[in-house]
Amino acid sequence: GAAPSEGPALVVRSLALKDAVVHFTDETATEPLPRLVAVTGQVLNLSDAPAAWGQPVEANLSGRVDDENGGRIALEARYDYRQGVLLTQTYALRTEGVEMARLAAFFGRSSAVDLRKGKATSDVKGVMRDGQMDFQVVSDLTGVEVAAKPGVKRLAGLKAEDVVRGVNAVKDFHIAFGVKGSPGSPRFEWGDEIARIITQGGVDAAKAAAMDAAEEAADDAARRASEAADRALGDAVPPGQGGEVVDEAKDRLRRGVGGLFGKDK
């Protein structure tokens with residue numbers, strides 16, 4: 001008789017999701033991974049024997065991170081089993097306004113920094129082949145605050161304290177970088193991005209210091225002008241007429257001096 005078929009016993013050609021909840025699990029994660037809620041999308045070509053079925057599994061999902069900030073994550077993934085093993089995994093991931101602290105859990109123990117604050121709108125595209133990653137990341141980050149993990153002396157080939165100070169000074173920036181290696185031991189390819197951020201952080205810090213100095217100088221000048229007005233105008237105005245006249249003159253002088261230093265008039 002005919003040989004029994006070696007094909008899959010079960011095939012789901014298309015599975016639609018609406019208002020679903022997706023839970024992530026990862027044994028390397030340092031904290032519980034965020035879950036997605038209000039998920040919509042589609043999964044194609046599920047089977048109990050994907051290698052025998054001969055079609056790549058594809059997923060297209062979009063949902064909201066289950067926290068008070070409600071950032072969104074959209075994922076397109078393709079898992080190619082067609083040569084008997086999981087040959088390649090192809091991903092396109094987009095985050096919109098997701099808290100960086102929530103994303104930190106995905107990095108596991110491999111990250112050299114703690115992502116304390118900030119939101120990320122990012123596009124991540126790449127492939128995993130034979131356990132090796134090749135991803136490109138483009139991100140717009142806002143309100144960033146990071147800290148080097150204990151014992152970390154260098155980041156991206158630079159002093160960790162310089163990188164942290166530069167990033168925390170800039171807070172809002174655009175960055176692009178590559179990620180290669182394995183999930184357990186990733187290798188980040190920063191190019192000159194970190195050096196650029198550190199430079200910008202130094203410029204921003206210098207501007208802030210200059211503004212603070214100018215504010216202090218303007219306050220001091222206004223105080224001195226007010227004191228001088230007290231002395232000069234107090235002697236010049238006849239007794240019984242000085243109150244409103246002196247106050248008005250002092251106020252005009254103070255506003256005039258403040259205007260020289262860019263303060264509100």
Side-chain angles (χ1 to χ4, degrees), residues 8-51 53 55-81 85-142 146 149 179 181-186 188:
L10 174 67
V11 172
V12 178
R13 295 182 180 273
S14 177
L15 176 65
L17 300 178
K18 183 177 181 181
D19 200 24
V21 177
V22 175
H23 296 264
F24 296 97
T25 58
D26 186 343
E27 294 181 356
T28 67
T30 55
E31 58 186 87
L33 299 179
R35 67 175 187 171
L36 295 183
V37 297
V39 175
T40 60
Q42 190 176 39
V43 181
L44 306 176
N45 298 322
L46 289 173
S47 76
D48 63 335
W53 170 232
Q55 297 292 327
V57 178
E58 299 183 37
N60 188 334
L61 306 175
S62 177
R64 178 173 54 82
V65 178
D66 188 21
D67 62 20
E68 65 275 12
N69 297 294
R72 298 194 63 81
I73 294 180
L75 172 68
E76 294 181 10
R78 178 185 176 99
Y79 303 92
D80 193 344
Y81 291 89
V85 295
L86 180 55
L87 180 64
T88 60
Q89 305 170 52
T90 305
Y91 297 95
L93 172 70
R94 178 169 178 80
T95 71
E96 296 180 357
V98 175
E99 286 286 343
M100 291 174 59
R102 302 304 304 272
L103 293 175
F106 287 103
F107 299 125
R109 297 173 179 83
S110 63
S111 176
V113 297
D114 287 323
L115 304 176
R116 294 182 173 179
K117 294 181 181 179
K119 292 185 178 182
T121 294
S122 306
D123 284 298
V124 182
K125 295 182 179 180
V127 63
M128 283 189 62
R129 182 178 290 107
D130 297 329
Q132 296 295 303
M133 302 182 295
D134 187 358
F135 287 91
Q136 294 297 317
V137 183
V138 179
S139 293
D140 288 299
L141 309 178
T142 58
V146 301
K149 288 185 175 179
V179 184
S182 67
S185 182
F188 295 90

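When a residue number appears, it is its place in the shown sequence, counting from 1. All values reported here derive from a predicted model rather than from experimental measurement.
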Closest contact, heavy atoms only, [X] versus [Y]:
X: Gln42; Y: Leu61; value: N-CD2, 4.1 Å
X: Val124; Y: Phe135; value: CG1-CD2, 3.9 Å
X: Val179; Y: Pro186; value: CG1-CB, 4.1 Å

For the pair [X] (side chain) and [Y] (backbone), establish whether a donor and an acceptor sit closer than 3.5 Å, ignoring hydrogens and angles.
X: Asn45; Y: Pro56; answer: yes
X: Thr95; Y: Ala120; answer: yes
X: Asp48; Y: Leu10; answer: yes
X: Ser62; Y: Thr40; answer: no

| field | From CA spacing to verdict: side chain to side chain contact (heavy atoms under 4.5 Å, CB included), Asp134, Arg129 | value | CA-CA 8 Å; Asp134 187 358; Arg129 182 178 290 107; over 6 Å; no

Mind checking the [atom1]-[atom2] spacing from [X] to [Y]? Nearest 0.5 Å is all I need.
X: Glu76; Y: Asn60; atom1: CD; atom2: CG; answer: 4.5 Å
X: Met133; Y: Ser182; atom1: CE; atom2: OG; answer: 6.5 Å
X: Leu115; Y: Glu99; atom1: CG; atom2: CD; answer: 11.0 Å
X: Gln136; Y: Lys125; atom1: CD; atom2: NZ; answer: 11.0 Å
X: Glu58; Y: Leu46; atom1: CD; atom2: CG; answer: 11.0 Å
X: Leu17; Y: Leu36; atom1: CG; atom2: CG; answer: 11.5 Å

| message | If the condition is ring pair (Phe, Tyr, Trp, His ring centres under 6.0 Å), which residues does Tyr79 pass it with, not counting sequence neighbours? | response | Tyr91

| remark: Only one of Val39, Ile73, Val98, Val37 passes side chain to side chain contact (heavy atoms under 4.5 Å, CB included) with Arg64, and that residue is Val37

